[in-house]
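Reminder, nothing fancy here: chain letters follow the sequence lines and each chain counts from 1.
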Amino acid sequence: MASLQPVRGTHDLLPEQNRLHDHIAETARAIGELYGYHRMTTPIFEFTDVFARTLGDTSDVVTKEMYSFEDRGGEHITLRPEGTAGIARAYISNGMQQMSPVKVSYIGPMFRYERPQKGRQRQFHQIGAELLGVEQVAGDVEMIAYGAHILKQLGLWDDVTLELNTLGDPESRAAYRTVLVDYFKGHFDKLSEDSRTRLDKNPLRILDSKDEGDRELVANAPLFADYLNENSQQFFKGLTEGLGDIGIAYQLNPRLVRGLDYYCHTCFEFTTNTLGAQGTVMAGGRYDGLISTMGGPQTAGVGWAAGVERLALMVGEAPPAARPVALIPMGDDAERHCRKLAQDLREAGIAVELGYAGNMKKRLKRADKANARLAVILGDDELAKGVAQLRDLDNSDQREVALNVLIETVSKG
RNA sequence: GCGGGUGUAGCUCAGGUGGUUAGAGCACCAGAUUGUGGCUCUGGGGGCCGUGGGUUCAAGUCCCAUCACUCGCCCCA
């Protein structure tokens, strides 16, 4: 093993893997265009405050997973652990409420100081989308449809389940939270150690505990559905109806929660059992309180994010690259002629593999390895006659083609 | 941050109870075939056996530490 290791939790994306990532990014971008979402890019680092304020000081992401540092000017900087906070900050910085509704997508590296596992790295990539300024449930439906469309396009639909829940509006959630905390306090001695700390920090998370004892308590816990006010019920009904209208199946999961206060109403995750413990492929929800929490105008918001590495694990292989045409010159004159020919072919949109050296055997071998579909063999004899040998590398058919119709012939395949 | 597993060639992995020059397949390079690839055959290059320390006459093998990956918890995409 080489002594030069990459930093823990970081990985090189070698060309093949990079192509898979590009495929996912491009699929997400193209689908986004169909829904009217356009790419925007925010900085990879922000003032620490941007994340500390939006993620809340109780979340693990903020308390122990951020890459924070002081820059040379003494500013407190953090590498972004997720994408939404930066978009929200940009919305405020640029007065984007003028453009409401704002429909954007993004892709980029994120950083979290976590214990690495398969599908969980310290530098990873997310695609995501945000819809700002739409309070109608139609926005939530569109968001889910958009995410689902990407998963379908990537061929992952059969491996994925849409789990759905509502967090209600702030009033409903506050009411539920109170009875839930009371309930668990009544059974404090039976709670797991993790959940005891959650009781203060993030009581809703107890619903999602994997501890056996917790699960028994949770089974008898008060139901959120019983504490939803009229407004919240109507909103959730609109969501399920909307999904029904466009034929997206979902599974209700009352234990699906978010911890932070600015989340409300819609909460969804696309999950899979093909990735072990890292089962969440795409997650999102409504966050009407986020922008105002950051000091901007009260602005409704819905969004989702998905981990590119996890998607890549599921997709497995990138679609094959375009098959090039290999040029095989023999001799100096032919070499020079091929230089020009390669340029012309490339400018005509044809991928060209130009062997840099070697005899014909080596060059053909290399052409084969490059998965070339055709080889253009050009030697002194051919040059003198104004022709080239055009060899089909799949079936070994070889024929003579006049140089002045070569590009045309190759273009036709 | 907590608990378990694994680190031998570029990749996938063999190397009972410690024993002398560490192996295979794939990949790579060359030749058989000097202007014709894939298939086949022959040969070749590649290893601080993750790293550091310890036990021993002797360590890839046993012990400790450390680093990385990995499975689960936590958290989350």
Side-chain angles (χ1 to χ4, degrees), chain A residues 1-11 14 24 55 58-66 81-84 107-122 124-128 147 192-195 197-198 201-202 205 208-212 214 257-260 268-272 275-285 303-314 326 328-331 334 353 355 358-382 388-398:
Chain A
M1 195 62 69
S3 58
L4 273 183
Q5 288 181 334
V7 173
R8 185 175 200 197
T10 68
H11 289 288
L14 301 185
I24 290 164
L55 295 173
T58 58
S59 83
D60 275 11
V61 172
V62 169
T63 53
K64 46 192 188 196
E65 293 180 359
M66 294 205 306
E82 53 95 38
T84 303
I107 181 171
M110 308 291 165
F111 306 83
R112 289 182 201 172
Y113 190 86
E114 295 185 284
R115 179 135 178 190
Q117 274 179 43
K118 197 196 205 84
R120 181 213 267 189
Q121 292 156 214
R122 288 183 172 181
F124 60 105
H125 299 80
Q126 282 188 340
I127 54 173
S192 69
E193 205 173 312
D194 281 333
S195 287
T197 55
R198 279 192 277 237
K201 280 173 34 175
N202 202 343
R205 277 280 175 205
D208 206 18
S209 173
K210 287 173 187 167
D211 181 85
E212 289 262 339
D214 287 352
V257 293
R258 299 278 121 90
L260 307 176
F268 68 92
E269 289 187 9
F270 289 93
T271 58
T272 182
L275 292 179
Q278 270 61 53
T280 301
V281 172
M282 178 182 276
W304 54 255
V308 176
E309 280 77 4
R310 289 185 191 176
L311 291 171
L313 282 168
M314 292 181 74
I328 303 187
M330 301 306 299
E353 191 66 29
N359 57 26
M360 179 176 301
K361 183 188 163 103
K362 275 186 196 162
R363 288 178 190 239
L364 269 171
K365 214 168 193 164
R366 226 171 281 140
D368 204 51
K369 238 163 245 157
N371 194 29
R373 55 186 240 263
L374 292 170
V376 175
I377 299 168
L378 191 65
D380 291 342
D381 300 347
E382 285 82 8
Q389 302 291 336
L390 189 60
R391 183 179 182 83
D392 185 314
L393 292 173
D394 289 333
N395 58 23
S396 299
D397 285 349
Q398 189 166 318

When rounded to the nearest Å, what value does the distance between [atom1] atoms of [N] and [M] take?
N: B/rU42; M: B/rC48; atom1: P; value: 28 Å
N: B/rA9; M: B/rG23; atom1: P; value: 14 Å
N: B/rG16; M: B/rG72; atom1: P; value: 31 Å
N: B/rG25; M: B/rC62; atom1: C1'; value: 30 Å
N: B/rG1; M: B/rA27; atom1: C1'; value: 41 Å
N: B/rG18; M: B/rU55; atom1: C1'; value: 11 Å
N: B/rG15; M: B/rU21; atom1: C1'; value: 15 Å
N: B/rU17; M: B/rA24; atom1: C1'; value: 24 Å

Which heavy-atom pair separates [X] from [Y] by the least distance, and what is that distance?
X: A/F111; Y: A/F124; answer: N-CE2, 4.2 Å
X: A/R310; Y: A/G119; answer: NE-O, 2.8 Å
X: A/A305; Y: A/Q126; answer: CB-OE1, 3.9 Å
X: A/G9; Y: A/P116; answer: CA-CG, 3.9 Å

Would you indicate what [X] reaches in the nucleic acid, counting non-hydrogen atoms under 4.0 angstrom: base, sugar-phosphate, or nothing?
X: A/G9; answer: sugar-phosphate
X: A/D211; answer: nothing
X: A/G119; answer: base
X: A/R115; answer: base
X: A/A283; answer: sugar-phosphate
X: A/L311; answer: nothing
X: A/R310; answer: base
X: A/V281; answer: sugar-phosphate
X: A/E193; answer: nothing

Within the 4.0 Å limit for protein heavy atoms, which parts of nucleotides 37-42 of chain B are touched? Write it as a string from 5' to 3', B for base, S for sugar-phosphate only, - for none. BB----
Of A/T280 and A/D380, the one whose closest RNA chain B nucleotide lies more 5':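 Of the two residues, A/D380 wins.
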Nearest-nucleotide 5' precedence on RNA chain B, A/R8 against A/E269: A/R8
With both distances under 3.5 angstrom, what nucleotide forms a Watson-Crick or G-U wobble pair with [N]?
N: B/rG7; value: B/rC67
N: B/rG1; value: B/rC73
N: B/rC13; value: B/rG23
N: B/rC39; value: none
N: B/rC62; value: B/rG54

Can you check whether [X] has a side-chain N or O nearer than 4.0 Å to OP1 or OP2 of [N]?
X: A/K118; N: B/rU70; answer: no
X: A/R363; N: B/rG35; answer: no
X: A/R112; N: B/rC76; answer: no

Side chain [X] and base [N] donor-acceptor under 3.5 Å:
X: A/Q389; N: B/rG35; answer: no
X: A/E114; N: B/rA77; answer: yes
X: A/Q398; N: B/rU36; answer: yes

Run the side chain to side chain contact (heavy atoms under 4.5 Å, CB included) test against A/A375 and tell me which residues pass, sequence neighbours left out.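 In terms of side chain to side chain contact (heavy atoms under 4.5 Å, CB included), with neighbours along the sequence ignored, A/A375 is linked to A/I328, A/L364, A/R391, A/L393.
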Exactly one of A/R122, A/E82, A/Q121 clears side-chain contact (heavy atoms from CB on, under 4.5 Å) with A/R112, and that residue is A/E82
Under a 4.0 Å N-O cut-off, is there an ion pair linking A/R363 with A/E353? no
Nearest to side-chain heavy atoms of A/K369, which nucleotide of B/rG35, B/rC69, B/rC28: B/rC28
Atom [atom1] of [X] to atom [atom2] of [N]: distance rounded to whole Å?
X: A/H11; N: B/rA68; atom1: NE2; atom2: P; result: 11 Å
X: A/R122; N: B/rA77; atom1: CZ; atom2: P; result: 18 Å
X: A/D194; N: B/rG1; atom1: CG; atom2: C1'; result: 11 Å
X: A/K362; N: B/rG35; atom1: NZ; atom2: P; result: 10 Å

Please report the C-alpha distance between A/S209 and A/D214 in whole Å, then the side-chain angles of each, then the deciding distance to 0.1 Å, and finally whether the side-chain hydrogen bond (donor to acceptor under 3.5 Å, both in side chains) criterion is met. CA-CA 6 Å; A/S209 173; A/D214 287 352; 2.8 Å; yes
Are A/L313 and A/L275 close enough that some pair of their side-chain heavy atoms sits under 4.5 Å apart?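 Counting from C-beta outward, A/L313 and A/L275 do come under 4.5 Å.
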Evaluate the criterion salt bridge (charged side-chain N to carboxylate O under 4.0 Å, His left out) for residue pair A/D368 and A/K365; output intermediate values, then yes/no. CA-CA 5 Å; A/D368 204 51; A/K365 214 168 193 164; over 6 Å; no
